[in-house]
Protein chains: 2
Amino acid sequence: MPHLLLKQLPRYECLLEAAKEFPELDPSAAEAFLHLLRTGDEAFGITDRNLGDHGISHGRFGVLMLLWRSVQPRAAKLMGAESCALGPRTPAELADAAGVTRATMTGLIDTLERDGFVKREPDPVDRRMMSVRLTAKGEKFLAQFLPGHFKAIAELMSTLSESERKTLVRLLAKIQLQAAVLQPKPDGVAASSIG
Amino acid sequence: MPHLLLKQLPRYECLLEAAKEFPELDPSAAEAFLHLLRTGDEAFGITDRNLGDHGISHGRFGVLMLLWRSVQPRAAKLMGAESCALGPRTPAELADAAGVTRATMTGLIDTLERDGFVKREPDPVDRRMMSVRLTAKGEKFLAQFLPGHFKAIAELMSTLSESERKTLVRLLAKIQLQAAVLQPKPDGVAASSIG
DNA sequence: GGCTGACAGTTAGCCTCCTAACAATAATTG
DNA sequence: CAATTATTGTTAGGAGGCTAACTGTCAGCC
């Protein structure tokens with residue numbers, strides 16, 4: 001489910017008013033910020049409801065998508081590199097790629113395995129590690145689910161022209177960059193420099 | 001904490017590649033969508049960490065902000081109307097304004113009252129209802145916390161010019177509108193038409 | 001070869017959100 | 001006025017995140 005967010009955003013005049021008491025409050029910054037949170041939450045909610053109708057959570061879906069890359073060697077071949085395919089396989093890699101803790105990934109894999117979407121297999125070399133792979137059922141689920149998922153996304157964004165989408169991505173990327181500057185992560189910052 | 005989201009977004013070329021298998025996948029729509037989710041989550045995470053440092057959750061903060069409006073009559077006077085002030089008071093109103101269920105609001109008020117930020121008082125007229133109000137401690141907390149909160153938001157958005165912020169808000173509003181069209185809510189749609 | 005440290009995966013317990021069902025009170029209707 | 005219906009706030013139980021602590025395995029050092 002989406003985060004708790006105020007349903008009706010404060011009006012711009014109210015922000016101006018509040019700024020008189022709080023000099024730190026930048027009205028246009030706050031307005032943009034609130035719209036960003038609200039819209040992001042709305043977009044999240046749409047896919048989340050879509051996923052919920054299929055009995056799967058956003059977290060589980062993310063894991064399936066990560067694993068799904070590994071069974072799509074065609075793209076890798078065409079790209080002439082491993083940039084797109086050969087995704088993560090072990091719980092630790094999956095947790096890192098998904099941005100959750102290993103403990104959370106254990107829980108996600110637990111439920112996915114219980115529902116038959118993925119399967120754990122011990123690594124023959126390093127006995128500490130497990131290898132997680134998509135089952136036929138998991139692949140089938142994605143094949144059935146993804147078209148509707150992509151369609152929902154395309155419909156949501158259909159209100160923006162190509163150039164508007166480019167502008168949006170550019171502005172959001174600037175914010176992301178700024179967030180990275182303001183909140184430098186402990187390590188591995190340089191590794192994933194998605195602009 | 002933020003939602004589970006893939007840390008590194010798929011590259012645009014990978015989306016193009018995937019679109020060959022899924023005709024429903026609109027690469028530029030998916031790219032914009034993923035950036036929106038990612039950036040929204042990042043922005044959420046910044047304020048959430050900020051709140052966490054002060055030992056309060058996003059949900060609780062939302063309630064405090066809603067109640068805080070009620071103790072800011074100055075703005076209302078200046079506006080010549082009640083548009084900004086006189087916020088919700090009862091748990092049901094708060095739940096509605098915050099976009100959570102009444103049950104969730106009960107829990108939030110429970111912890112806020114336990115920590116001394118708010119106080120429940122029975123309504124003298126309707127004995128079903130309770131009235132929730134900010135305590136002096138709650139007000140003091142907001143007065144101390146908000147400047148840093150606003151400053152963090154201003155810093156995050158400082159990377160965008162005024163015109164860029166306007167553009168961003170305009171594009172996000174279009175998406176929100178489209179979301180409302182695609183996912184019409186059961187009732188009360190017309191009531192809160194925030195553009 | 002045995003000890004210490006680092007790492008993979010899991011477990012346990014907490015918080016926040018949800019839905020569903022409940023008791024108490026108000027409003028409506030005969 | 002009595003009975004039904006609606007509404008308020010709460011409780012109970014579930015799902016999905018988190019942190020912290022634990023077990024088993026690998027790597028390095030004496």
Side-chain angles (χ1 to χ4, degrees), chain A residues 1-7 41 44-45 48-49 51-64 88-115 118-132 186-187, chain B residues 1-7 41 44-45 48-49 51-53 55-63 88-115 118-132 186-187:
Chain A
M1 292 27 175
H3 285 124
L4 182 152
L5 245 64
L6 273 46
K7 262 168 97 177
D41 209 54
F44 183 90
D48 205 52
R49 271 184 286 270
L51 284 161
D53 292 343
H54 288 73
I56 200 162
S57 77
H58 227 102
R60 287 208 276 265
F61 175 66
V63 177
L64 292 181
R89 289 306 201 106
T90 73
E93 286 169 356
L94 288 167
D96 190 51
V100 298
T101 61
R102 288 188 313 233
T104 298
M105 189 52 63
T106 294
L108 290 172
I109 296 173
D110 278 351
T111 58
L112 283 171
E113 191 168 29
R114 180 198 63 196
D115 293 348
V118 307
K119 188 146 173 36
R120 278 186 178 96
E121 284 162 353
D123 186 298
V125 178
D126 191 332
R127 274 186 292 178
R128 290 174 302 182
M129 292 204 260
M130 302 291 284
S131 192
V132 185
D187 68 77
Chain B
M1 304 352 182
H3 285 123
L4 183 151
L5 246 64
L6 273 45
K7 261 168 95 177
D41 209 54
F44 182 91
D48 205 51
R49 272 184 286 270
L51 285 160
D53 292 343
I56 199 163
S57 76
H58 226 103
R60 288 206 275 264
F61 175 67
V63 177
R89 288 306 200 107
T90 73
E93 286 169 356
L94 288 167
D96 191 51
V100 299
T101 62
R102 290 192 314 247
T104 298
M105 189 52 64
T106 294
L108 290 172
I109 296 171
D110 278 350
T111 59
L112 282 172
E113 190 169 29
R114 180 200 61 196
D115 293 349
V118 307
K119 188 146 174 37
R120 278 187 178 93
E121 284 162 354
D123 186 298
V125 179
D126 189 332
R127 272 187 292 178
R128 291 173 302 182
M129 292 203 262
M130 302 292 282
S131 192
V132 184
D187 68 78

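These numbers come from the heavy atoms of this one structure, side chains and all, not from hydrogens, waters or symmetry mates. Computed from a predicted structure; not experimentally measured. Lettering of chains follows the sequences in order, A, B, ..., and the numbering in each one begins at 1.
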- Item | Shortest non-hydrogen contact from A/R60 toward A/L112 | CD-CD2, 3.5 Å
- Task: Measure the distance from CG on A/D115 to C1' on D/dA15 and round it to the nearest whole Å.
- Result: 13 Å
- Query: If you look at every heavy atom in B/A92 and B/R102, which pair is closest and at what distance?
  - Reply: CB-CD, 4.0 Å
- Note on the structure: In whole angstroms, the gap separating P of D/dT8 from CZ of B/R89 amounts to 17 Å
- Partner residues of B/D123 under the salt bridge (charged side-chain N to carboxylate O under 4.0 Å, His left out) criterion, sequence neighbours left out: none
- Query: Contact class for B/T101 vs. all strands (heavy atom < 4.0 Å): base, sugar-phosphate, or nothing?
  - Reply: base
- 5'-most contact on DNA chain D: A/I56 or A/R127, nearest heavy atom basis? A/I56
- Axis bend over the full length of the helix from C/dG1-D/dC30 to C/dG30-D/dC1, computed from five pairs that close each end, to 10 degrees: 10°
- Message: What does the B/S/- profile of nucleotides 7-12 of chain C look like, 5' to 3', with a 4.0 Å heavy-atom cutoff to protein?
- Response: BSBBB-
- Message: Rounding to an integer number of Å, can you tell me how far A/D41 CG sits from C/dC18 P?
- Response: 11 Å
- Minimum heavy-atom distance between B/R89 and B/L94, given as atom pair plus value: O-CD1, 4.0 Å
- Could you state the atom-to-atom distance from CG of A/L51 to P of C/dC18 in whole Å? 18 Å
- Rounded to whole angstrom units, what separation is found between the CG atom of A/D48 and the C1' atom of C/dT16? 15 Å
- Message: Any non-hydrogen side-chain atom of B/V132 less than 4.5 Å from a side-chain atom of B/P91?
- Response: yes
- Item | Atom pair CZ (A/F61) and CD1 (A/I56), whose distance is rounded to the nearest 0.5 Å | 8.0 Å
- Query: Which whole-number value in Å describes the distance from B/R114 CZ to D/dT10 P?
  - Reply: 15 Å
- Task: Taking A/E113 for its side chain and A/I109 for its backbone only, find out whether a donor-acceptor pair lies under 3.5 Å.
- Result: no
- Message: Does any part of the side chain of A/D110, heavy atoms only, come nearer than 4.5 Å to the side chain of A/R120, both counted from C-beta?
- Response: yes
- Item | Smallest separation among heavy atoms of B/T101 and B/T104, with atom names | OG1-OG1, 3.0 Å
